[in-house]
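Written below as structure tokens is the structure these notes are about.
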Amino acid sequence: MRFRSKFFYERALKVIPGGVNSPVRACKAVKSEPIFFERGEGAYLIDVDGNRYIDYVCSWGPLILGHAHPEVIAEIYFASKRGTSFGAPTWQEVELAELIKNCFPSIEKLRLVNSGTEATMSAIRLARAYTGRKKIIKFEGCYHGHVDSLLVKAGSGLATFGIPASPGIPEELTSHTLNLPFNNFEAVKKTFESYGKEIAGVIVEPVPGNMGVVLPKEGFLEFLREITQKYETLLIFDEVITGFRLGISGAQGKYGIFPDLTCLGKIIGGGLPVGAYGGKEEIMNLVAPEGPVYQAGTLSGNPIAVSAGLATLKELLKPGVYEKLEIISQQLEEGLKEVLKSLRLSYKVNRAGSMLTLFFTEREVVDFETALGCDAEKFAIFWQKMLKEGIYLPPSQFEAWFLSLAHREEEVEKTIKAVYKVLREII
Ligand SMILES: *Cc1c(COP(=O)(O)O)cnc(C)c1O
């Protein structure tokens, strides 16, 4: 029972739009009401009614060490005792920036911000300033935060100029955004042939997680690297999810494709608000006060947030960490596939490292259109029943499930058993 969640939700509805501070939390896509949480412990979340769940949201990615990791909590505590914010530089910011630079060979200089949205917004401003061009290519189903110019819908046809995906965004602000299908070489090629010399940047989640997990086709990232070089356009990897998730050098390290600019967030704040954008020194030197491109933040590089990020990254630098994550994630993937097989279901599981999605469709999911082919209604029922089994999944079909280093065989086995039980009931 979730009486107290209901109680808080009713109060929240009166003071907060939809009762939540970020829309997906409302659980509308799975026809449910939000759960209010009291605390997290490792791989578990405990709600305000005392129910315990295995958590596969992990705060949408940041909590790669699990909830309330002792090292992270200790660093937050010590940092906060020294003061919460100075509006002036601290040594921790230098350490975090150096650590990120050492892990990401394509990042020579970087700037810390407060969120992934700020990182992508600033990277785009910088790409436009550097190239003196206006157009941006993005891909359908990729999410880059709620930046006006990146909140676009796809029109019909291959290369279409973005239509605002939300009221409140004038068409003028999205008219320079070209929205293309992910993994579609031809669409990218044609768009460059038409507008190549007007395109400032191509922004992409190298492994999209925001339409559910979709893998880049063989050679796709390489192709983006080559074509952007040919047209002197900047390639921007939005690694807000994949940075430090797919490995210590993110997706770029995994695939060996190096962008001009990289956006980071989520894990680098260890559960506190931190984002970053960085890249080639020549480009980054355009950022104020070194250069003319303005970008600032009262709380940017906040000492508490940066300390949580540093503590998290230091844990990730320990040997064997990503191997351990890979093993447990592989167990979940294989377990899910066995369940599907035994129930004669041909639903798809897409996985990259410790992020995966179980798609309720029989078609391969390679882009936004194929993701939309899923039976989201059935997923909603699945989600509700999984919750009853004590498993908290992302409350939407079009999201990644995240594992953490706190997820052990025990949790994964329990999850697989629950998936079997629930799928058998609903098919
Ligand atoms: C979460 C996310 C963002 C936005 O980050 P916020 O911190 O929510 O502003 C941007 N890009 C990607 C790929 C994300 O997953």
Side-chain angles (χ1 to χ4, degrees), residues 24 27 29-32 43-44 53-58 60-61 141 182-183 205 207-218 241-242 245-246 254 324-404 406-427:
V24 69
C27 296
V30 287
K31 303 183 170 60
S32 300
Y44 291 87
Y53 311 88
I54 301 173
D55 179 25
Y56 287 99
V57 178
C58 290
W60 302 95
F182 187 73
N183 269 334
E205 293 181 70
V207 179
N210 284 295
M211 49 181 142
V213 175
V214 170
L215 301 177
K217 278 188 183 153
E218 175 98 42
I241 287 180
T242 53
R245 163 79 45 196
L246 297 188
K254 181 176 165 135
K324 193 177 159 201
L325 259 179
E326 177 63 24
I327 290 169
I328 198 76
S329 309
Q330 201 179 345
Q331 277 172 4
L332 180 60
E333 179 190 1
E334 280 169 8
L336 290 174
K337 285 182 169 166
E338 267 167 42
V339 167
L340 294 174
K341 206 168 148 198
S342 69
L343 296 172
R344 292 171 203 277
L345 280 170
S346 40
Y347 290 168
K348 297 292 178 257
V349 182
N350 281 1
R351 177 175 77 88
S354 51
M355 51 197 273
L356 68 75
T357 302
L358 167 59
F359 286 105
F360 281 52
T361 176
E362 299 184 351
R363 266 170 87 191
E364 294 296 339
V365 178
V366 295
D367 57 16
F368 193 46
E369 196 197 322
T370 42
L372 288 180
C374 287
D375 190 341
E377 300 272 318
K378 194 160 265 180
F379 178 83
I381 301 167
F382 173 73
W383 186 89
Q384 293 164 15
K385 286 184 177 276
M386 287 296 284
L387 193 69
K388 288 210 180 94
E389 298 297 318
I391 319 279
Y392 185 65
L393 298 173
S396 161
Q397 166 74 91
F398 308 106
E399 299 287 356
W401 306 9
F402 292 105
L403 287 106
S404 77
H407 288 73
R408 300 159 302 173
E409 228 173 282
E410 187 187 326
E411 284 80 32
V412 166
E413 272 170 21
K414 196 172 162 218
T415 306
I416 293 166
K417 279 198 187 119
V419 170
Y420 180 76
K421 181 174 170 211
V422 169
L423 281 180
R424 209 177 50 161
E425 274 171 33
I426 66 176
I427 53 172

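Only this structure's heavy atoms are used, side chains among them; waters, hydrogens and symmetry mates stay out.
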(request) Mind checking the NZ-CD spacing from K417 to E389? Nearest 0.5 Å is all I need. (result) 12.0 Å
(message) Please report the interatomic distance CE(M386) to CD1(I54), rounded to the nearest 0.5 Å.
(response) 8.5 Å
(request) Could you pull out the closest heavy-atom pair between V30 and S32, with the gap in Å? (result) O-OG, 2.9 Å
(request) Look at the side chain of N183 and the backbone N and O of K217, then say whether any donor-acceptor pair between them is shorter than 3.5 Å. (result) yes
(request) Look at the aromatic rings of Y53 and Y392 and report parallel, tilted or perpendicular, splitting at 30° and 60°. (result) tilted
(request) Count the heavy atoms of every other residue, nucleotide or ligand shown that sit under 6.0 Å from CD of E218, and state whether that count exceeds 12. (result) no
(request) Measure across I328 and H407 and return the closest heavy-atom pair with its distance rounded to 0.1 Å. (result) CG1-O, 3.5 Å
(request) Give a yes or no on whether the backbone of M355 and the side-chain of R245 come within a donor-acceptor separation of less than 3.5 Å. (result) no
(request) Measure the shortest side-chain to side-chain distance between P394 and F402 over non-hydrogen atoms and say whether it is less than 4.5 angstrom. (result) no
(request) Enter the distance from L358:CG to Y347:OH here, rounded to the nearest 0.5 Å. (result) 8.5 Å
(message) Side chains of E205 and F182, heavy atoms from C-beta outward: is any pair under 4.5 Å?
(response) no
(request) Check the pair E364 / K348 against side-chain contact (heavy atoms from CB on, under 4.5 Å), numbers first and verdict last. (result) CA-CA 7 Å; E364 294 296 339; K348 297 292 178 257; 3.4 Å; yes
(request) Evaluate the ring planes of F379 and F360, with Trp represented by its six-membered ring, and classify them as parallel (under 30°), tilted (30 to 60°) or perpendicular (over 60°). (result) perpendicular
(message) To the nearest 0.5 Å, what is the distance between CH2 on W401 and CG on L393?
(response) 4.5 Å
(request) State, with a plain yes or no, whether a side-chain heavy atom of Q330 is found less than 4.5 Å away from one of R351. (result) yes
(message) I need the S342 OG to K337 NZ distance, nearest 0.5 Å.
(response) 14.5 Å
(message) Taking the side chain as everything from C-beta on, heavy atoms only, tell me whether Y420 gets closer than 4.5 Å to I416.
(response) no
(message) I'd like to know if the side chain of S354 reaches the main chain of S329, judged simply by a donor and an acceptor atom lying under 3.5 Å from each other, with no hydrogens or angles considered.
(response) no
(request) Please step through side-chain contact (heavy atoms from CB on, under 4.5 Å) for the pair V419 and I391, ending with a clear verdict. (result) CA-CA 9 Å; V419 170; I391 319 279; over 6 Å; no
(request) Output yes when E377 and K31 qualify as a salt bridge under the 4.0 Å nitrogen-oxygen rule, no when they do not. (result) yes
(request) Please name the pair of heavy atoms, one in K254 and one in G353, separated by the smallest distance, quoted to 0.1 Å. (result) NZ-N, 4.3 Å
(message) Walk me through whether L332 and V349 qualify under side-chain contact (heavy atoms from CB on, under 4.5 Å).
(response) CA-CA 10 Å; L332 180 60; V349 182; over 6 Å; no
(request) Report the distance from atom CD of E326 to atom CG of L403, rounding to the nearest 0.5 Å. (result) 10.5 Å
(request) Please assess K378 against Q397 for the test side-chain contact (heavy atoms from CB on, under 4.5 Å), listing each intermediate value before the final yes or no. (result) CA-CA 9 Å; K378 194 160 265 180; Q397 166 74 91; over 6 Å; no
(request) List the atom of A380, the atom of A29, and the distance in Å for their closest heavy-atom pair. (result) CB-O, 4.0 Å
(request) Identify the heavy atoms of V214 and V207 that sit nearest to each other, and give their distance. (result) O-CG1, 3.5 Å
(request) Quickly, which of T370, D375, N350 forms a side chain to side chain contact (heavy atoms under 4.5 Å, CB included) with F359? Name it, please. (result) N350
(message) How close do Y56 and V412 get, counting heavy atoms only, and between which atoms?
(response) OH-CA, 4.0 Å
(request) Decide, yes or no, whether a salt bridge links E411 with R408 under the criterion of side-chain N to carboxylate O below 4.0 Å. (result) yes
